[in-house]
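Let me begin by presenting the structure, written as structure tokens, before commenting on it.
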Amino acid sequence: MATGDEARDDSPASEAVRLRVLIEQYSHAYHVLDELLVPDAEYDRLFGRLLEIEAKHPELVTPKSPTQRVGAEPIGELAEIRHAQAMLSLDNAFDEPSLAAFDKRVSDRLATAGIDAGVIEYVAEPKLDGAAVSLRYTDGELDFAATRGDGTTGEDVTHNVRTIGAVPLTLRGRNPPAVLEVRGEVYMPRDGFEKFNAMALERGEKTLVNPRNAASGSLRQLDPAMTAERPLAIFFYGTGETRGWQSPSTHAEVLKALRDFGFRVSPNWRVVSGVAGCMAYYAEIGERRNTLPYEIDGVVYKVNTLRWRTILGAASRAPRWAIAHKFPAQEELTTVEAIEFQVGRTGAVTPVARLAPVFVGGVTVSNATLHNIGELHRKDVRAGDTVIVRRAGDVIPEVVKVIEERRPAGTSIVELPERCPVCDSEVVRPEGEAVARCVGGLFCGAQRKQALRHFASRRAMDIEGLGEKLIEQLVDGGLIETPADLYDLTLEQLSGLERMGEKSAQNLLDALQRRKSTTLARFLHALGIREVGEATALALATGFADLDALRDADEERLQEVPDVGPVVAQHVRAFLQQPHNREVIDKLVEHGIHWPEAVTPELVESPFAGKTIVLTGTLSTMSRDEAKAKLQACGAKVTGSVSKKTDIVVAGDNAGSKLKRAQDLEIKVLDEVDFVEKLGELASG
Ligand code: 5U1
């Protein structure tokens with residue numbers, strides 16, 4: 001931090017103080033004001049420098065240093081803390097009538113005290129779904145933090161609350177109150193929750209059930225280093241005991257004061273008038289509920305005038321001056337009646353839990369996805385289990401967790417079916433893949449429409465006039481099941497369809513006839529084998545003398561084809577070995593689909609055979625994909641970056657750094673004219 005400023009004290013002690021002030025300022029801006037004053041790298045640099053100074057001069061370390069948020073040692077157990085003022089919970093309203101009843105109770109009580117409150121002003125705030133905490137500051141310094149517990153006594157979680165970046169260790173401002181207790185909700189933002197779980201899955205560790213449990217579980221960890229790794233955040237919404245503080249007269253002003261002290265307050269609070277104002281706020285936040293970066297389970301309305309709160313008081317566990325207006329629950333308990341497997345239009349075999357109907361997230365749910373077989377086994381969901389089912393917004397309902405204590409006797413682990421429940425073809429799950437699939441792509445009822453759409457598409461069999469709508473009609477009307485059935489269609493059948501005159505019907509029949517003459521590559525692409533796009537289809541067509549040779553090839557032989565790895569080979573083999581698919585392919589050939597005999601690289605001396613080639617710049621005579629496919633057809637390997645292993649670089653217009661690198665490495669460069677000419681050699685050879 002030397003600046004050449006002569007008046008400045010450059011001792012480590014002063015530098016540490018200056019660094020702490022800066023770090024605190026940037027951290028407050030980031031966590032509380034949502035502002036980034038300096039890039040992360042600068043923040044990290046300052047923090048690193050402070051760590052360095054403190055390591056060299058341990059006598060300079062203070063408990064309030066930002067480096068000391070994570071305490072040194074895990075603690076043995078959580079101590080109890082008695083709250084100076086009870087931490088109350090909230091009564092709930094689920095609809096307008098119960099909210100109106102609350103508003104009336106407030107008016108009536110105030111009237112009894114001689115106050116004509118008129119239309120009552122409330123502060124409306126989102127109600128976070130996390131863990132409530134109370135933080136006590138003495139003379140501006142964080143003393144301790146406690147969970148709500150039973151409302152009277154909570155647990156000491158100071159060591160963990162200190163790790164949350166948005167918690168000030170020292171209050172901002174010159175004259176802090178002698179005592180200030182603040183109340184807030186610790187939560188885990190959705191993205192942090194998802195990232196944390198993704199990492200846990202990767203490491204084979206236990207995942208967190210939902211953001212609320214994640215927050216309260218994290219708070220109650222004994223080792224603050226563990227908590228520091230959890231992406232926790234906090235919003236503050238009120239005060240407990242205060243001493244030496246001139247409290248404002250409204251809750252709205254309290255929220256502003258809390259922010260001035262350095263506390264993070266939800267930006268979404270608002271002063272509203274009466275039941276109508278509350279309902280409008282509820283509707284607005286409800287609309288935004290699923291777009292907020294954290295989970296909320298409702299909104300809270302609080303009488304704004306603090307003097308009235310004292311008059312209203314509290315019942316045993318909840319104040320009479322506030323109420324939670326809850327959104328429909330997003331999680332409920334129900335039982336699993338059965339686990340079935342569904343086949344999607346791409347052949348994905350997905351386990352689905354059939355549930356005893358339950359009202360959750362605003363609708364009655366009787367099915368929930370289990371995503372894939374790995375997920376099913378990880379959660380170990382079984383028929384008969386009691387489970388937590390979750391439906392958030394428009395997201396498909398899912399089983400979150402099994403309540404193991406409620407598992408009845410005699411249940412068994414669910415296994416992936418060996419055969420497709422729709423078409424009885426084999427179900428395969430390639431190693432390392434999450435999703436299992438039915439390989440009966442050409443035959444399976446579940447995949448029928450998708451398979452036909454792909455078969456007819458422009459880059460596959462290119463059957464003009466056979467669009468999505470028509471395929472729907474043909475399949476739904478029972479006229480076709482597989483692509484082979486297309487060639488049995490009659491003029492009479494077609495012209496009887498909706499929006500299909502005789503002329504269009506004849507055009508379609510003509511197109512089907514015309515496109516019987518195709519290429520093996522197009523035909524292979526049209527079969528819709530997983531992972532076999534145009535380029536791979538071309539490579540396969542080139543690598544095998546004919547369809548029979550390809551059909552009989554084992555995975556080892558398939559992998560001899562350039563760019564065909566073990567996964568593609570497994571998909572090709574599984575598809576072509578499937579008797580149902582073979583039957584459809586045979587029928588297609590019997591219907592007269594044909595292609596010219598293949599020209600293999602072994603037969604032709606292409607200058608590109610066996611070479612590693614990079615394409616760069618723009619070619620005027622063909623697209624990059626076409627050029628790639630042509631090169632692959634010659635037995636070349638096309639890669640994306642130039643290295644010593646590259647044999648040839650084909651440079652079109654505006655070739656940039658790849659061309660430069662090729663020249664530096666003295667690699668052979670072809671311009672478009674040379675390239676097309678050499679491709680031509682192949683065609684004429
Ligand atoms: N936003 C907010 N959440 N929340 C929870 N305010 C709020 N107030 C609470 C609770 C339990 O209680 C006080 C009104 C006592």
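For ligands, and for the atoms within them, numbers begin at 1 and follow the listed sequence.
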Side chains of Tyr137 and Phe263: does their closest heavy-atom pair fall under 4.5 Å? yes
Would you call the rings of Tyr282 and Phe327 parallel, tilted or perpendicular if under 30° counts as parallel and over 60° as perpendicular? tilted
For atom 8 (N) of ligand 1, closest protein heavy-atom neighbour: Tyr237 CE1, 3.3 Å
Give the residue, atom name and distance (to 0.1 Å) of the protein heavy atom nearest atom 1 (N) of ligand 1. Glu125 OE1, 2.8 Å
Quick look: Ser266 vs ligand 1, heavy-atom contacts under 4.0 Å, and the answer is neither
Heavy-atom distance under 4.5 Å between the side chains of Leu50 and Ser65, does that happen here? yes
Any atoms of ligand 1 less than 4.0 Å from a non-hydrogen atom of Leu90? List them with their elements. 5 (C), 9 (C), 10 (C), 11 (C), 12 (O), 14 (C)
Sort out for me which residue in Arg212, Arg289, Lys326 forms a salt bridge (charged side-chain N to carboxylate O under 4.0 Å, His left out) with Asp129. Arg212
re atom 6 (N) of ligand 1, the protein heavy-atom contact at minimum distance is Lys302 NZ, 2.8 Å
Please lay out, stage by stage, how Val106 and Trp321 fare under the test side chain to side chain contact (heavy atoms under 4.5 Å, CB included). CA-CA 7 Å; Val106 170; Trp321 43 265; 5.9 Å; no
Test item: His377 side-chain N/O and Val414 main-chain N/O as donor-acceptor pair under 3.5 Å: yes
Heavy-atom distances under 4.0 Å are what count here, so tell me which part of Glu185 touches ligand 1: side chain, backbone, both or neither. neither
Report the C-alpha separation of Tyr30 and Glu35 in whole Å, then their side-chain angles, then the decisive distance to 0.1 Å, and conclude whether the side chain to side chain contact (heavy atoms under 4.5 Å, CB included) test is met. CA-CA 5 Å; Tyr30 176 79; Glu35 280 173 26; over 6 Å; no
Applying a 4.0 Å heavy-atom criterion (strictly less than), which segment of Trp321 is in contact with ligand 1: side chain, backbone, both, or neither? side chain
Using a 4.0 Å cutoff against the non-hydrogen atoms of Pro126, which atoms of ligand 1 qualify? 1 (N)
When only distance counts, is Lys127 in polar contact with ligand 1, meaning an N/O pair under 3.5 Å? no
